[in-house]
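What you see below is based on every heavy atom in this structure, not just the backbone, and it leaves out hydrogens, waters and symmetry mates.
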2 protein chains.
Amino acid sequence: MDLRHISFRLLEVFMSVVKTGSISETARRLHLTQPTVSLQIKRLQEAVGEPLLLIQQQKLHVTDAGLELFKTCQQVFGHFEDYEDFLTELNGGARGRCKIAMVNTAQYILPKLLGPYSNLHPHVELPLEIGNRAEVLDRFERGEDDIYVFSHPPSLEHAQAARFLHNPLEFIVPLNHPLANVKAVKLTDLMQYRFLLRENGSATRMLFESELQSRGLVLSDSVQMASNEAIRVAVASGMGIAVLSRHVLAKDDTSFKILNVTDAHLASHWYFVMRTDRHISHAARNFLKFAQQHVEQYLDTQWVRNELHNLHNLDLKLINIRC
Amino acid sequence: MDLRHISFRLLEVFMSVVKTGSISETARRLHLTQPTVSLQIKRLQEAVGEPLLLIQQQKLHVTDAGLELFKTCQQVFGHFEDYEDFLTELNGGARGRCKIAMVNTAQYILPKLLGPYSNLHPHVELPLEIGNRAEVLDRFERGEDDIYVFSHPPSLEHAQAARFLHNPLEFIVPLNHPLANVKAVKLTDLMQYRFLLRENGSATRMLFESELQSRGLVLSDSVQMASNEAIRVAVASGMGIAVLSRHVLAKDDTSFKILNVTDAHLASHWYFVMRTDRHISHAARNFLKFAQQHVEQYLDTQWVRNELHNLHNLDLKLINIRC
DNA sequence: GTTAGTTATAGGTGTTTATCTATGGGTTAC
DNA sequence: GTAACCCATAGATAAACACCTATAACTAAC
């Protein structure tokens, strides 16, 4: 039996012949001519090396080998139907994987969207990668993930990005800090204090430092710390003051004080970023659609800046990835 | 998803790529060139309408859709392997159907062969048809069965036949018959008695009547009866005398007497007959082979005339039956 | 920076295919 | 015996396929 050159079309034709018990009838149903069907069956028989149909008493008769092949075909087509169902789910975004890499700070925000999404589509795998800006940029370079989350979008080629959330920065000081109860302070007032900063390259730090530079200000003292959490706790315990994303600060957290800095309103935005040259999984596409429709619902409405519609010129790309 | 033009070869190639994780390696293994494999995969992806493989970090990576397709293919090939096993059994004659039609008298003989054969190949279906000569000839005409058993072979076109057993006819009389204890009788001595005969067309009767005709003898009285059994019982109960196949008479049956007719040794042979224009099932072929090898073992050796080797120019014919 | 290894693409070729139309032989039904 | 079916075969054609070679582009390793 040599199936190499047997196509599924051929099996379809064969099955129809078995079902109708007639070559002519099959031809009519499949909009073919009778000789075509005759020939197809002949080819199939040659491939199988066994008679499948024969004529007895002027009637088409299915041999044992033919009947068994018919059953086999039923099974096979069943499997492909299952596969088609799988594809449908995949296309509907109900299944698959959406790999997301985000910078540290985003972990205060994104889970609010991921939670509801994951509940809606429990079969979608959502592996998350969290790293500092440099690490996430690396992953982007290598195209390891479907979606990247940055504040301060990287202006790389092959990148497309869209905002979804405002990202205001706040100055925080310990409760017992001299400025803690001052109603309005200026940026220059802060320069004399020790600043606790994230590592170089962090979007928050970049934003802050570029503001300082543009105003010709210089910090008198700074300490580098690896995480927002560490900085928040360090500030609360009096180690210094800091600039942190509003989203990092719980509303009811009274272990520090937020300053009202009247002459500096630092802010960036949170972006979903994707490579334009990579295939975008259905799950990823679907998650973005979900985000577009539900950011207002699941994130603080006052900060939402939903520009995700900009992304939806994503179309399915097949394998020719390198183009 | 449009599988119509997808051949099994294509799926094979795809599976190899998934297994090796490399297009080039697959090309080497399947003795193809790398572009060929590349192109095949591309075609398959177009047919499925979904990316199956993509390149991540310079490595070929199977997508969810690809992996699922791979699993589907495994299943599908599994089914076809099962089917191939089935065909193998079929070809070995271990499975299938061998439809046999025989004339009444043969039912005293054939079961002795069919029993052992059926025990050897329990999966072979052996539907038997039993009828008088005219009925079996009809079946032959319509090609309803694989094998026919006749004494006195029909000289039809599209028929091939081979002997396997001698079929001597015996004259039997009731125990209290005047000739019952006569050592040697002549055929003419019998003409005055009432003969119990099978229906017209029966091989036994044909043989007997042609013998009478050639000798210019005429029966004085005869009664027609439908079965050998009926005749045997009727003879035993004194209703008349009869000519019957030796094989119909049990060796230890003492309810009648076999005459020693010195001037008439009527005999024919038992034949397996087949149509030459019909496909011969593997099971039928196999049964004939079995018969050829085992007639001596299962039938009375003294009567065996094994000429079945004459049949074994049977070769497999595909559907073009009408030729 | 050269080499050896990927994969994709372009272009070419002989073969196979999926079809068709036309025809012939056979059967069934009237 | 004619009409209306059935199926098989022959012959033709355009498309698709299965391959190839040659080449380009990219990466990893030396």
Student: Pairs under 3.5 angstrom, nitrogen or oxygen only, protein versus nucleotides 11-13 of chain C, please.
Tutor:
none

Student: Write down the distance between CD (A:E12) and P (C:dT17), rounded to a whole number of angstrom.
Tutor: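 Interatomic distance, CD of A:E12 to P of C:dT17: 17 Å.
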Student: Using side-chain heavy atoms (C-beta onward) and a distance below 4.5 Å, is B:T26 in contact with B:S22?
Tutor: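 A side-chain contact under 4.5 Å is absent here.
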Student: Within residues 24-33 of chain A, which residues have any heavy atom lying less than 4.0 Å from an atom of DNA chain C?
Tutor: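 Here the set is A:H31, A:L32, A:T33.
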Student: Check the distance between D:dA16's C1' and A:F8's CZ and give it to me in whole angstrom.
Tutor: 18 Å
Student: Does B:Q34 make a side-chain donor-acceptor contact with the base of C:dA8, cut-off 3.5 Å?
Tutor: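 Answer yes: a donor N or O sits under 3.5 Å from an acceptor.
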Student: Between B:R43 and D:dA18, is there a side-chain N or O to OP1/OP2 distance below 4.0 Å?
Tutor: yes
Student: Could you state the CD-P distance from B:Q40 to C:dA8, rounded to the nearest angstrom?
Tutor: 13 Å
Student: B:R4 has an atom CZ; how far is it from atom C1' of C:dA18, in whole Å?
Tutor: 12 Å
Student: When you measure from the side-chain N and O atoms of A:K42 to the phosphate of D:dT9, is any distance below 4.0 Å, counting only OP1 and OP2?
Tutor: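 For D:dT9, OP1/OP2 do have a side-chain N/O of A:K42 under 4.0 Å.
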Student: Kindly say if B:S7 contacts the phosphate of D:dA18, meaning a side-chain N or O under 4.0 Å from OP1 or OP2.
Tutor: yes
Student: Is the closest side-chain heavy-atom distance between B:H282 and A:E50 below 4.5 Å?
Tutor: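 With C-beta onward as the side chain, the pair touches.
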Student: Is any side-chain N or O of B:T36 closer than 4.0 Å to OP1 or OP2 of D:dA18?
Tutor: no
Student: Return the orientation label for the B:Y148 and B:F150 ring planes: parallel under 30°, perpendicular over 60°, tilted otherwise.
Tutor: parallel
Student: Assess whether a salt bridge exists between B:E46 and B:K42, defined as any Lys/Arg side-chain N lying under 4.0 Å from an Asp/Glu carboxylate O.
Tutor: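 Answer for the salt bridge query: no.
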Student: Between A:I6 (CD1) and C:dT16 (P), how many Å, whole number?
Tutor: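 The distance from CD1 of A:I6 to P of C:dT16 comes to 14 Å, rounded to the nearest Å.
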Student: Please confirm whether the backbone N or O of B:F140 pairs with a side-chain atom of B:R275, one donor and one acceptor, at under 3.5 Å?
Tutor: yes
Student: Below 4.0 angstrom from OP1 or OP2 of D:dA18, is there any side-chain N or O of B:R9?
Tutor: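 No, no such contact exists.
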Student: In terms of side-chain heavy atoms of B:L60, which of D:dC7, D:dC19, C:dT7 is nearest?
Tutor: C:dT7
Student: Kindly say whether B:H152 contributes a backbone atom to a donor-acceptor pair with the side chain of B:R133 at under 3.5 angstrom?
Tutor: yes
Student: One thing to verify: whether A:E12 and A:R9 come together as a salt bridge, which I'm taking to mean a side-chain N less than 4.0 angstrom from a carboxylate O.
Tutor: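 Yes.
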Student: Rounded to whole Å, how long is the line connecting atom NE2 of A:H5 with atom P of D:dA18?
Tutor: 8 Å
Student: Which nucleotide in the list C:dT7, D:dC7, D:dC19 gets nearest to the side chain of B:S38?
Tutor: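 From the listed options, C:dT7 comes nearest.
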Student: Which of parallel (below 30°), tilted (30 to 60°) and perpendicular (above 60°) describes B:F272 and B:F287?
Tutor: perpendicular
Student: So that I can tick it off, tell me whether A:R29 and A:E25 are bridged by a salt bridge, with the cut-off set at under 4.0 angstrom between side-chain N and carboxylate O.
Tutor: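 Judged by the 4.0 Å cut-off on N to carboxylate O distance, A:E25 and A:R29 do form a salt bridge.
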Student: Can you tell me if the side-chain N/O atoms of B:S22 get under 4.0 Å from OP1 or OP2 in C:dT7?
Tutor: yes
Student: If I take atom CD1 in residue B:I23 and atom P in nucleotide D:dA18, what distance separates them, rounded to the nearest angstrom?
Tutor: 16 Å
Student: Is any side-chain heavy atom of B:S16 closer than 4.5 Å to one of B:L30?
Tutor: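 B:L30 vs B:S16: side chains touch.
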Student: What is the distance, to the nearest angstrom, from the CG atom on A:L11 to the P atom on C:dA18?
Tutor: 11 Å
